[in-house]
Amino acid sequence: MNSQFEYKKIEKKWQDHWENSETVKCDLKSDKPKFYNLCMYPYPSGDLHMGHIRNYTIGDVITRYKQMNGFNVLSPMGWDSFGLPAENAAIKTGIHPREFTEERIANMKSQIIRLGSLYDWDREVAAHSVDYYKWTQHLFIKLFENDLAYKEDAPVNWCNSCRTVLANEQVIEGSCERCDTAVEPKNLNQWFLKISEYSEELLQGLEEIGDWPENVKTMQRNWIGKSEGSQFELNIIGTDLTFDVFTTRPDTLFGMTFAVISPEHELIDLIMEQSEKKDEIQNYLDSIENKSEFERMSITKEKTGVDTTLKVTNPITNEEVPLWIADYVLVNYGTGAIMAVPAHDERDYEFAKKYDIEIRQVIIDNEKTINVDNEAFTGNGVLMNSGEFNDLSSHEEASKKINEFLVKNKIGDEKTTYRLRDWLISRQRYWGCPIPLINCEDCGLLPEKYENLPVLLPEIKDYINTDGSPLSKSKEFVETDCPKCSKKALRETDTMDTFVDSSWYYMRFLDPKNEKEPFNSNFINEWLPVDQYIGGVEHAILHLLYSRFFVKALRDLGLMTIDEPFHNLFSQGMINFGGAKMSKSKGNIVDPEEYFATHGADALRLYILFMAPPSDGVEWNDGGIEGTKRFLNKLWDNLLKIINQEDTEKELSEDDKSLERKINQTIKSVTQHFERFEFNTAVSDLMKFNNDLSEYLKHDSILPKELKDVLIKNILILLYPMSPHMASEIYESYFDSDISTEKWANFDDSKLENPMYELVVQINGKKKHAIMVETGIEEDDAITLCESNFDINFKEAKKIIFIKDKIINIVQ
RNA sequence: GCCCGGGUGGCGGAAUUGGUAGACGCGACGGACUUAAAAUCCGUUAUUCGAAAGGAUGUGGGGGUUCGAGUCCCCCCUCGGGCACCA
């Protein structure tokens, strides 16, 4: 063993070793208990940033810790390698996205290896590889055949500068996230996956799922957005036109003084025909069309609308009330039309005030003091102005009764709606998985035959979307034969959202080389759900929800029997720099590579674990990395000193016993912290122990051989998951074997307790004195001891409280 | 606006879930070694009064419960995140 921790040499040595060792090659059929440990696969941006380092360090701690605990750990890694950045680079530089992407994957892979994390690289997958996207297409066709994928006209976000559609999540406050151009709505024939069919199950599943952060579950619940209420029909007086409205507040039905229908509602043209003010309505509709989606959706915008001059009947009062068209009613939520109750809904109130529509109060607070002259009242109370329903309590009781009325009179029914919409997966982009469908004039829309997959991404020169998707530029690609009648037919030219690729990659890891099917179902049923999933909180909704949907859909197709993809989820917090998320475009990336060079991977790993609780977001600050490097150097020195001591057999001295207790206490504490993902305090436990060791060595004590071995072994095992290079090196040089084959450390219960401890003496809960006493001291003896040492009158105490034998509190 | 999290020394953060607040680390200050610097080592480091012993104050602010509150309850301020005309 060298006199110094030469991290560069040592890290290289062990990384080479791990690459060729069986340490992480997972045999799925082993009879050890399984543990699927998964870090979210990265988009290959080219360089690791600190967020990746944090993610993969946490993941690696779990891999190594679980291995030592006897689990057969599967820890794979791959690439989310389709997507817009490669395509934009191609537009700029002319370099093919494939070439560009693969170069970046190679670079990132070498950095991941440089971090020293264990991955079973034999299972590596990349979303853009033909072997992978062939099966993405296969699964897509399965969904299509089972009515879970469909094509429909829909508005999309179009960026006219990038000449492409954008996903909702790429639209930041109404503008393109890349070029800041205002996004325009555009109607296109689009592909959707029927995630909404699973709304209820996706919501329910959150109750039964494993250990997920509460905030992620809440975000998913909100996204799914379940509301319960009533739905009923309104008839336009003097016509045979009817439409449904949905409300969560049937208790306010008597207060409905108008109805509103969305400008995009399917009845709009018919309504316009019936209206006396056709021109006004047309003008209004035109004005809406010129507004961007963002403008329309903005809550701060003043509400606008137009009176149709038509009337509808309030079904419970039979009164005639006006029908308006207004864009504050959204066509794609509920029924696209509402009953408006201005007295008890803020939006309706604002609209009614502006257009001078009657505001009728039908609920009053229990103290009967509120009126609606100045604002809407949305709170609880009792019904008024509501006929036979007066004095019922709102919302629940009255809602229930009025709903019963609607049902009894066949006007309406109970109804549950969800905000979750179907998942729009079409992208008019090049660098994605082609949608494997064919349009035949005679036979309609048909999937490519399974045996003809993959539908290869064509080679084209110009990646810009000018008129139609980039794939439409390849005649060879577009023109094909109908799989049914063999006549000339045309391929779909859209590609899939990359979230489709990432919805099933964790399945492919289980069977990455299968050439006959996307995966063997037995592996899926045995190995899924993933036991521990680790990734950034930014994927709390989209990726995690889509993957959950995928599993449920594929289960219903008979491909698997599991219900959820990820059992336990750990969301690490983001690492920001300069107050912002690190990103290339902001130029605030901190490059981990320089720390590999100046401090080493072990010190960087340790620091990133130590700097904050892993679930907290942190501002990057490298001030402390010096500290973890110092710690490793000191530990190396201390262990070297111990190793160089002559082997001796002797009785344990008090110092030895104290050190023995400390290692046992440290094992217990580190193990507890690991189980709870509290790596920051696990690191501090090791530092504390190392300080104790330094103190011990100052006394020129010689450790008896047996304790020496126990101590070296255990401290290295505790260190190994977090700083595996150094732990492996010292372990090998002293014990001449590979630490990765060791079992996790056990502590000895009988060697945890200190023989003496400090008894704290409180008066009225306030610390006044402290005195060293023997462990197990009787309470009476403790009192006697305190009486003789301190000026306390125990006889006059109202109460004497012993707290966990550690504190004696005298209440006076 | 609504829904989640937070607020503890100069800084990152500990605190067994109601029981010694400030572990561990960074930084700073003083000292040793050195011709010097770096590295390393030894001390000090919440604030405040005090020469010291020792005392007082102290976990965003205000109130409360309790022998005892960073931790529980009520009100307020503030920062971060998510959703946002969802009927």
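Just so it is clear: chains get the letters A, B, ... in the order the sequence lines come, proteins before strands, and each one is counted from 1.
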Determine the Euclidean distance between corresponding [atom1] atoms of [M] and [N]; express it in Å to zero decimal places.
| N | M | atom1 | value |
| --- | --- | --- | --- |
| rC2(B) | rA15(B) | P | 33 Å |
| rC76(B) | rC4(B) | P | 15 Å |
| rG19(B) | rC73(B) | P | 15 Å |
| rU59(B) | rU20(B) | C1' | 15 Å |
| rG1(B) | rA84(B) | C1' | 8 Å |
| rG50(B) | rU71(B) | P | 32 Å |

In whole angstroms, how far is the [atom2] atom of [N] from the [atom1] atom of [X]?
| X | N | atom1 | atom2 | answer |
| --- | --- | --- | --- | --- |
| Asn576(A) | rG81(B) | CG | P | 8 Å |
| Phe577(A) | rG12(B) | CZ | P | 15 Å |
| Arg419(A) | rC83(B) | CZ | C1' | 6 Å |
| Lys634(A) | rA39(B) | NZ | C1' | 12 Å |
| Asn332(A) | rC85(B) | CG | C1' | 12 Å |
| Asn222(A) | rG5(B) | CG | P | 12 Å |
| Asn764(A) | rU65(B) | CG | P | 16 Å |

Checklist entry - Under 4.5 Å between any side-chain heavy atoms of Tyr595(A) and Val590(A), yes or no? => result yes

Classify the nucleic acid contact of [X] as base, sugar-phosphate or nothing, counting any heavy atom under 4.0 Å across all strands shown.
| X | result |
| --- | --- |
| Asp685(A) | nothing |
| Arg421(A) | base |
| Lys226(A) | nothing |
| Ile803(A) | base |
| Glu214(A) | nothing |
| Glu626(A) | nothing |
| Lys688(A) | sugar-phosphate |
| Ser227(A) | sugar-phosphate |
| Gly225(A) | nothing |
| Asp616(A) | nothing |

[N] - base-pair partner by Watson-Crick or wobble geometry, distances under 3.5 Å:
| N | answer |
| --- | --- |
| rG80(B) | rC4(B) |
| rC24(B) | rG12(B) |
| rC67(B) | rG19(B) |
| rA87(B) | none |

Checklist entry - Pick from Leu659(A), Ile715(A), Ile663(A): which one makes a side-chain contact (heavy atoms from CB on, under 4.5 Å) with Leu693(A)? => result Leu659(A)

So, is [X] close to the [N] phosphate, meaning a side-chain N or O under 4.0 Å from OP1 or OP2?
| X | N | result |
| --- | --- | --- |
| Arg221(A) | rC83(B) | no |
| Asn680(A) | rA14(B) | yes |
| Tyr607(A) | rG25(B) | no |

Checklist entry - Has Lys226(A) got its NZ or CZ under 6.0 Å from the middle of the six-membered ring of Tyr418(A), at an angle within 45 degrees of the ring axis? => result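 Not flagged: Lys226(A) not positioned over aromatic ring of Tyr418(A).
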
Polar pairs (N or O, both sides) under 3.5 Å between protein and nucleotides 53-60 of chain B?
| residue | atom | partner | partner atom | Å |
| --- | --- | --- | --- | --- |
| rU57(B) | OP2 | Lys766(A) | NZ | 3.2 |

Checklist entry - Do we see a donor-acceptor contact under 3.5 Å between the side chains of Asp348(A) and Tyr328(A)? => result yes

Checklist entry - Are Asn380(A) and Glu396(A) close enough that a side-chain donor and a side-chain acceptor fall under 3.5 Å? => result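 Judged by distance alone, the side chains do not pair up.
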
Checklist entry - Going by the angle between their ring planes, with limits at 30° and 60°, are Phe351(A) and Phe258(A) parallel, tilted or perpendicular? => result parallel

Next on the checklist: Quick check against the 3.5 Å criterion: does Gln665(A) have a side-chain atom that pairs as donor or acceptor with the backbone of Leu752(A)?
Outcome noted: yes

Item to check | Heavy-atom neighbours of Lys353(A) NZ exceed 12 at 6.0 Å | outcome: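 Count over threshold, so yes.
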
Item to check | Glu414(A) atom CD, neighbour heavy-atom count above 12 within 6.0 Å | outcome: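 No, not enclosed.
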
Checklist entry - When syn is taken as a glycosidic angle within 90 degrees of 0, is rU16(B) syn or anti? => result anti

